[in-house]
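Below is one structure, written out as structure tokens, with a few remarks after it.
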Amino acid sequence: MNKQTPLPGGKVWLVGAGPGDPELLTLKAARLIAQADALVYDHLVGDGIVDLARPEARRIYAGKEASNHTLPQGAINTLLVDLAREGLSVVRLKGGDPFIFGRGGEELETLVASGVPFEVVPGVTAAAGCAAYGGFPLTHRDHAQALTFVTGHLKDGTVNLDWPALARPGQTVVFYMGIGAAAEICRQMMAHGLPSMTPAAVVRNGTLPSQQTLLATLGTLPHRIVEAGIKPPALIVVGSVVGLHAKLNWFEK
Ligand code: SAH
């Protein structure tokens with residue numbers, strides 16, 4: 001479809017914007033952003049991506065930093081419905097993939113309840129972006145037979161995560177939103193049987209020019225995070241695949 005063709009109004013496209021590098025957008029995402037009447041975007045969506053919108057498109061920042069919720073989730077849900085009811089084509093842009101820790105599902109439920117039609121466009125999730133640009137294949141078969149994505153946003157400071165399962169060997173475990181809870185995460189992984197020497201890494205600002213990878217072990221990671229002043233957005237990756245960064249890193253020189 002031609003980029004200039006207007007989209008039908010009264011509809012919402014829930015679109016994954018990928019992990020940062022604008023070139024990791026799908027062709028479909030780039031086209032929809034360039035055509036939309038209104039763009040509602042999150043904190044993790046880069047300027048280079050929002051800039052693809054038409055000059056006259058309405059741009060609405062919906063925020064969402066860990067402790068600074070610009071618009072509460074309920075307000076975002078109703079905003080999407082209101083914009084669609086105004087007859088606009090609305091692109092709801094989320095960092096990474098909208099269905100991976102993106103609360104995209106909740107937004108769609110409100111649209112369904114309000115009778116607003118929608119489509120969903122997947123995106124490159126942060127784990128895939130960080131692994132590719134960090135040079136550690138998440139399931140390199142000499143290292144991992146399974147891959148788990150976990151939220152590190154711990155309710156009440158500790159967690160009802162299935163630690164015994166997460167601490168099983170032969171897998172790679174990726175914690176999203178885990179920087180604030182890094183000490184607790186590493187402590188639990190070791191308490192449930194992983195050696196303190198288990199390789200663990202943090203990747204901050206993956207796929208962006210400012211990408212930073214920190215290689216450590218479960219025993220040393222929390223301290224290293226504090227020492228390096230690592231702030232979100234960053235992933236914690238636990239498992240021996242992170243050691244491949246030394247050999248396969250091509251991006252951070
Ligand atoms: N839907 C998103 C995740 C949203 S949760 C996705 O699929 O990627 C937000 C968390 O994602 C951040 O706290 C961080 O842990 C991770 N994240 C997002 N972008 C990142 C990036 N460029 N580098 C490292 N981590 C990132």
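First listed ligand is number 1; within each ligand, the first listed atom is number 1.
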Starting from the N and O atoms of ligand 1, collect every protein N/O partner closer than 3.5 Å and put each pair on its own line with the distance to 0.1 Å.
| unit_1 | atom_1 | unit_2 | atom_2 | d |
| --- | --- | --- | --- | --- |
| ligand 1 | 1 (N) | Gly95 | O | 3.0 |
| ligand 1 | 1 (N) | Asp97 | O | 2.9 |
| ligand 1 | 1 (N) | Ile100 | O | 2.7 |
| ligand 1 | 7 (O) | Asp97 | N | 2.8 |
| ligand 1 | 7 (O) | Asp97 | O | 3.4 |
| ligand 1 | 7 (O) | Thr125 | OG1 | 2.6 |
| ligand 1 | 8 (O) | Thr125 | OG1 | 3.3 |
| ligand 1 | 8 (O) | Ala126 | N | 2.8 |
| ligand 1 | 15 (O) | Met177 | N | 2.8 |
| ligand 1 | 15 (O) | Ala234 | O | 2.8 |
| ligand 1 | 22 (N) | Pro19 | O | 2.8 |
| ligand 1 | 22 (N) | Gly206 | N | 3.2 |
| ligand 1 | 22 (N) | Gly206 | O | 3.0 |
| ligand 1 | 23 (N) | Gly206 | N | 2.8 |

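- For Ser210 and Asn205, the side-chain atoms include at least one donor-acceptor pair closer than 3.5 Å.
- Applying the side-chain hydrogen bond (donor to acceptor under 3.5 Å, both in side chains) definition to pairs two or more places apart or across chains, those involving residues 80-89 are Asp37-Ser89, Arg58-Glu86.
- With a 4.5 Å cut-off on side-chain heavy atoms, Trp13 and Arg92 do not count as touching.
- For Arg31 and Gln35, the side-chain atoms include at least one donor-acceptor pair closer than 3.5 Å.
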Point to revise | Chi angles and distances behind the side chain to side chain contact (heavy atoms under 4.5 Å, CB included) call for Val45, Lys94 | key: CA-CA 7 Å; Val45 176; Lys94 302 225 148 217; 5.7 Å; no
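- Donor-acceptor pairing under 3.5 Å is recorded for the side chains of Asp21 and Tyr133.
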